[in-house]
Amino acid sequence: MERTRPPARMTGLVAAFSAALLTAGGLAASAPTAAAADAELASNGTFEAGLSGWNCSGGSGAAVSTPVHGGTSALKATPAGSDNAKCSQSVKVKPGSTYTLSAWVQGSYVYLGASGTGTTDVSTWTQSAPGWQKLTTTFTTGPSTTSVSIYTHGWYGTPAYYADDISLIGPGGDPVVLPSAPTGLKTGTVTSSSVALSWTGSAGATGYNVYRGGTKVQSVTGTSATVTGLSASTAYSFQVSAVNEAGESARTAAVSATTGKGSEGGTGTQLPAHALVGYLHASFANGSGYTRMADVPDSWDVIDLAFGEPTSVTSGDIRFKLCPVTECPNVESEAEFKAAIKAKQAAGKKVLISIGGQNGQVQLATTAARDTFVSSVGKIIDEYGLDGLDIDFEGHSLSLNTGDTDFRNPTTPVIVNLISAVKTLKAKYGDKFVLTMAPETFFVQLGYQYYGSGPWGGQDPRAGAYLPVIHALRDDLTLLHVQDYNSGSIMGLDNQYHSMGGADFHIAMTDMLLTGFPVAGDQTKVFPGLRPDQVAIGLPASTQAGNGHTSPAEVTKALNCLTKKTDCGSYATHGTWSGLRGLMTWSVNWDRFNNWEFSKNFDAYFG
């Protein structure tokens, strides 16, 4: 059961009214006497066999010895973050039959219910049960219903709850037969980072598991899947099995496919296999001091000039000037700066103009602003002879209009116009144009949970707002280096929250980019993973540079996990990506202030 707001927000009057409605609807009525042919259908409702027969979301459940209502075991389930600790099982039933569901529970906001009934799904709950309290509800199955899901769950942000002696009484359904293995497994479209698969389904199957090299990588309900996050020019083998309530079938014979050669984010960008990216405070000074372009060490492969900023938020007119001498006494002349850029490029380095930053809000709300953006950015690139563009839109630059819910087909003008503007610049400068992006986690990985204002409104419209830009430009994108800093806790693909400062955060956040994820939990709207050569990890260079500084030892652990699958800790990645491009940092200036700790660690790791 889903609710738009938690019961904890109810007033006493509303709660009482809701309880009256439940009673009036029969949801909290006393259980009728079971018919002679009725039987106990819940499997291991006493939890004497641990969690056998039950599936608890996010690993939230455990069998405990105290407190118990009967026997020696009971269920303890703990909500965490956006997980309400739902524990469920599927039960075979007969069509057009009446069933009684009951359980003894203990805790705050504990729910008991049944879904998939074919008529009206039911649930009941208790606001507070300091001791064991019985919940009971009844339902009638639809004319073609042969199985239902029974469940119990708590509520977001509440302590653990307990359940015991869960019972479903009614006529038993026919036993489920294990499905046969699927047939006809074949490959479809193969790219440098993905392989499409299809197969012929199995009778009685409710879903399919997809295996890559013997490891399960996807579960789907249809007879096709696309495995993403693969390395370029690499051979892979795949198998598929069928599943239903009786279990899993044998796997198909393996089929093989070799991914295509990576495009390196556009022919001619010529980045090294592992690149170090840094922002250079070229237009301002701060506590780190000003660093001249000629003094940037050779360790840095991509140098982002921070920042090009708009004349106003909505003008699209981007300007860039060197730091004034009154602010930066050691600033070089324009001629020296341009000569130093050419010298860096002659040594194989890429120098980009970064647009935005913390203070540079850019909203291309009109086509006029879009066209001004293209012309003004082009002037900066031409004047300084730059290699491309870094998009560092932060704050309120990108947000989604209400009703814009599909990242694959955005309709919001600031999103659509930005995509169009970048494509125009790429077309103007050709394959050698380097395109990078530095979004915050709020605009990317948070999209796993929330996207824009949501289907009913009310959410922050900026949530996940970079996803349509990244997706539309993925074939032009050289590097995505999300800022793994100045971030709140973010849920990873393990449905657990991860926090800044250690290897775990970077592992989980990067795994999401390389594996892909359903946007706002919608399995029909999956953001495909990027190629590993398109991804770098963004970190602050020192404790002064930003919240979430990660020590060199923890950075090394993160790289080991993602590229070698060692030092992974508790998070299980969905692949091993030796082709991960590298690291990005804010900033070159702060790394110099910190005795080059960040770049020295990069050089030591990648040689």
Side-chain angles (χ1 to χ4, degrees), residues 58-59 192-195 210-218 227-238 259 262 271-277 299 301 441 445 448 479-485 487 489-517 529-541 548-585 597-607:
S192 61
S193 60
S194 66
V195 174
V210 180
Y211 290 83
R212 185 189 69 213
T215 300
K216 186 171 77 171
V217 292
Q218 280 191 42
V227 182
T228 60
L230 306 179
S231 298
S233 304
T234 303
Y236 292 93
S237 67
F238 304 94
T259 52
L271 291 182
H274 300 292
L276 180 62
V277 182
S299 298
D301 300 296
T441 56
Q445 288 94 337
Y448 177 52
L479 272 179
L480 176 72
H481 30 65
V482 175
Q483 301 177 34
D484 285 1
Y485 48 93
S487 168
S489 296
I490 301 289
M491 180 178 285
L493 296 181
D494 57 353
N495 292 326
Q496 302 298 311
Y497 282 93
H498 300 268
S499 301
M500 300 182 300
D504 172 79
F505 189 65
H506 306 298
I507 293 166
M509 295 301 99
T510 307
D511 182 60
M512 295 180 77
L513 301 177
L514 296 169
T515 304
F517 53 86
L530 295 167
R531 301 191 314 267
D533 64 89
Q534 289 180 298
V535 176
I537 307 172
L539 311 98
H549 175 255
T550 306
S551 70
E554 289 295 301
V555 173
T556 296
K557 285 183 183 178
L559 291 172
N560 282 341
C561 178
L562 292 163
T563 64
K564 304 173 184 176
K565 209 145 192 168
T566 61
D567 286 341
C568 287
S570 60
Y571 185 89
T573 62
H574 293 74
T576 305
W577 301 281
S578 59
L580 181 72
R581 182 65 80 181
L583 302 178
M584 174 276 279
T585 193
E597 178 185 79
F598 189 90
S599 52
K600 285 178 181 177
N601 188 58
F602 176 90
D603 289 342
Y605 190 87
F606 288 113

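Remember, it's a predicted structure, so these values are computed and weren't measured experimentally. Positions are given from 1 along the sequence.
- A donor-acceptor pair under 3.5 Å links the side-chain atoms of T550 to the main chain of G548, judged by distance alone.
- Between Y605 and N560 the shortest heavy-atom distance is OH-OD1, 2.7 Å.
- The closest donor-acceptor contact from the side chain of Q218 to the backbone of V210 lies at 3.5 Å or more, if one exists at all.
- Using a distance-only test at 3.5 Å, with no hydrogens or angles considered, a donor-acceptor pair links the side chain of T259 to the main chain of T234.
- With a 4.5 Å cut-off on side-chain heavy atoms, D511 and W577 count as touching.
- Taken to the nearest 0.5 Å, the CG atom of D533 stands 11.0 Å off from the OG atom of S578.
- L230 places a side-chain heavy atom less than 4.5 Å from the side chain of R212.
- Between L580 and I537, some side-chain heavy-atom pair lies under the 4.5 Å cut-off.
- Within a 6.0 Å radius of NZ in K565, more than 12 heavy atoms belonging to other residues, nucleotides or ligands are found.
- Side-chain contact between Y571 and C561 is absent, with no heavy-atom pair separated by less than 4.5 Å.
- When all heavy atoms are compared, the tightest approach of A558 to A503 is N-CB, 3.8 Å.
- Separation of atoms CE (M491) and CE (M512) is listed at 9.0 Å; rounding is to 0.5 Å.
- Between the D301 side chain and the L276 main chain, a donor and an acceptor come within less than 3.5 Å of each other.
- Nearest heavy-atom pair across F602 and H274 is CZ-O, 3.7 Å.
- Side-chain N or O atoms of R581 include one that pairs as donor or acceptor with a backbone N or O of P272 at under 3.5 Å.
- With H481 contributing its side chain and L583 its backbone, the two residues share no donor-acceptor pair below 3.5 Å.
- Distance check: I507 CD1 to D567 CG gives 8.0 Å after rounding to the nearest 0.5 Å.
- Using modelled atom types, one finds no donor on one side chain facing an acceptor on the other under 3.5 Å when comparing S599 with S299.
- Under the 3.5 Å distance criterion, the side-chain polar atoms of K557 are left unmatched by any main-chain donor or acceptor of G569.
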Next item on the list: May I have the step-by-step check of side-chain contact (heavy atoms from CB on, under 4.5 Å) for V555 and H506, ending in yes or no?
Entry: CA-CA 8 Å; V555 173; H506 306 298; 5.6 Å; no

Next item on the list: Could you walk me through whether L479 and M584 pass the side-chain contact (heavy atoms from CB on, under 4.5 Å) test, one step at a time?
Entry: CA-CA 10 Å; L479 272 179; M584 174 276 279; over 6 Å; no

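- The minimum heavy-atom distance between G538 and Y485, with the atom names listed, is O-CD2, 3.6 Å.
- Looking only at distances, a side-chain donor or acceptor of T585 sits under 3.5 Å from a matching main-chain atom of L539.
- From T510, atom OG1 reaches atom CG of D484 across 5.5 Å, with rounding to the nearest 0.5 Å.
- Looking at residues two or more places apart in sequence or on another chain, you find no salt bridge (charged side-chain N to carboxylate O under 4.0 Å, His left out) involving D504.
- Among residues two or more places apart in sequence or in another chain, the ring pair (Phe, Tyr, Trp, His ring centres under 6.0 Å) test is passed with Y497 by none.
- A donor-acceptor contact shorter than 3.5 Å is absent between the side chain of Y448 and the backbone of N495.
- Side-chain contact between S231 and Y236: present, with at least one pair of heavy atoms (C-beta onward) separated by less than 4.5 Å.
- Heavy atoms only, all atoms of each residue included: Q445 and M509 are closest at NE2-O, 3.2 Å.
- Looking at E597 and K600, no side-chain N of the basic residue comes within less than 4.0 Å of a carboxylate O on the acidic one, giving no salt bridge.
- Between the Q534 side chain and the R531 main chain, a donor and an acceptor come within less than 3.5 Å of each other.
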